[in-house]
2 protein chains.
Amino acid sequence: MNSSIDTRQRLLVSAWELIYARSYAGVGVQAICDHAEGKKGSFYHYFPSKQALTLALPDDLMLDFEQDLIRQAFARNVPPMARFGQLIELIYQFQKEVFRTSGHLTGCPFGNLAAELSTLDEPIRLKLASIFDRLQEDFRATLHEAVISGALGGIDIPATARAMLAYLEGILLLAKTHNDPDLIRRLGPALVAIRVPGRS
Amino acid sequence: MNSSIDTRQRLLVSAWELIYARSYAGVGVQAICDHAEGKKGSFYHYFPSKQALTLALPDDLMLDFEQDLIRQAFARNVPPMARFGQLIELIYQFQKEVFRTSGHLTGCPFGNLAAELSTLDEPIRLKLASIFDRLQEDFRATLHEAVISGALGGIDIPATARAMLAYLEGILLLAKTHNDPDLIRRLGPALVAIRVPGRS
């Protein structure tokens, strides 16, 4: 049982590492197996296809992401809007570390897949859309707290949360294109200036 | 001479249409030739490889983009900050038309390539980084005008221009992921709220 979980998990981690460093099309089943030190046969025991594995990746990644990053960034011991600054700093530290070890700034794993596959693979597009919605939950809760506390007003909370996520994705895409982690720190502070007007 | 220019141009347009609808990896030289109704041999007469053609694409696209979109959006007959609203509306109309005819919102052609290829192909990454810089020129000039006119102040103009481009890229990525053109109109107005503080 444990070894079975281990193999499946090893394949997921292997796929995530390779696809994140390259692209979806740039990584084949054989490469995933080689990287996981598994056999091709065992891949198909756990996943019928690369697409099936890729559909399982975002939820798996989100568990790590929520554990390592979201929980820390949105800790309630700082004022609501300051939490977004913490999020930017944690994203910067993570991207900088990947950049330091690989020479590449790899951006947002969800955004990368969404840009490459949204017109090509409808199940993967829908999975990533649901992940983006989930990522906005903490944004919405935090904006709601800021409104209640009087720090913010007159905004459409769901639209502002989505706009903030869009800005984060855009920062990561530009930082990836310029291969420059400092761009995250330079542009990050404008995140809290974003608001979509409305009733809040 | 003209027929030679025509063939090269047909290959570029063909590649642009296919890669924009799918992805870089999802389109081969044969498909580009079939779509252009050319022969594979003539492809290699004009371009040594798919990479070489793709390096020529962004400049070619930018000519159309500047002609059709940038010039109209940044026309000087409206106040500086209102031009960004025009830009959003033109982008919305374009994406909506692609969506209407193809069923897919295809996002930003430069952003798509950047997300897919920045860690894989250094010449293409550098080309896209230079295109992003060029896209910011009108943003910077417009912000500068807004500062001179007193409509805006206390901002770092180059950083704010870059932040605005990041936001636009992020909106297009989310709109592509949700396959929803209306998201552009809903989030677009927050573009002018973005500012990176500094001396202007």
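Residue numbers start from 1 in every chain, and the chains themselves are labelled A, B, ... in the order their sequence lines are given, proteins ahead of strands.
Considering CG of A/L165 and CD1 of B/I171, their distance stands at 11.5 Å, rounded to 0.5 Å.
Under the 4.5 Å side-chain heavy-atom criterion for ILVMFWY residues, a single connected hydrophobic cluster contains both A/L172 and B/L113. A single hydrophobic cluster is seen to contain both B/I194 and A/I88, as judged by linkage of ILVMFWY side chains at heavy-atom distances under 4.5 Å, directly or through other members. Residues B/V192 and A/L152 share a hydrophobic cluster, clusters being chains of Ile/Leu/Val/Met/Phe/Trp/Tyr side chains in contact below 4.5 Å. Cluster membership for B/L90 and B/L61, using ILVMFWY side-chain heavy atoms within less than 4.5 angstrom, is shared. A continuous path of hydrophobic side-chain contacts links A/I70 to A/I184 [ILVMFWY only; heavy atoms under 4.5 Å].
Closest approach of A/L187 and B/A159 over heavy atoms only: CD2-O, 3.4 Å.
Counting only residues at least two apart or on different chains, the ring-ring contact (aromatic ring centres under 6.0 Å, His included) pairs with a member in residues 54-80 of chain A are A/F74-A/F84, A/F74-A/F139. Here ring-ring contact (aromatic ring centres under 6.0 Å, His included) pairs that include residues 106-132 of chain A, with residues two or more places apart or in two chains, number zero.
When heavy atoms are compared at a cutoff of 4.5 Å, B/L128 approaches chain A by way of both its backbone and its side chain. For A/A175, no part lies under 4.5 angstrom from a heavy atom of chain B.
Chain A forms more heavy-atom pairs under 4.5 Å with one residue of B/L183, B/L126, B/L168, B/L117 than with any other, namely B/L183. Comparing A/L191, A/L105, A/L120 by how many heavy-atom pairs each has under 4.5 Å with chain B, the most go to A/L120. Highest contact tally toward chain B, considering only A/A190, A/A25, A/A114, A/A163, is held by A/A163 [criterion: heavy-atom pairs under 4.5 Å].
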Using only distance (under 3.5 Å, no hydrogens or angles), which donor-acceptor pairs connect chain A and chain B?
residue: B/A21; atom: O; partner: A/T119; partner atom: OG1; Å: 2.8
residue: B/R22; atom: O; partner: A/T119; partner atom: OG1; Å: 3.4
residue: B/A115; atom: O; partner: A/K176; partner atom: NZ; Å: 2.6
residue: B/T119; atom: OG1; partner: A/A21; partner atom: O; Å: 2.8
residue: B/T119; atom: OG1; partner: A/R22; partner atom: O; Å: 3.4
residue: B/R125; atom: NH1; partner: A/T177; partner atom: O; Å: 2.8
residue: B/D156; atom: OD2; partner: A/R186; partner atom: NH2; Å: 2.5
residue: B/K176; atom: NZ; partner: A/A115; partner atom: O; Å: 2.6
residue: B/T177; atom: O; partner: A/R125; partner atom: NH1; Å: 2.8
residue: B/R186; atom: NH2; partner: A/D156; partner atom: OD2; Å: 2.4

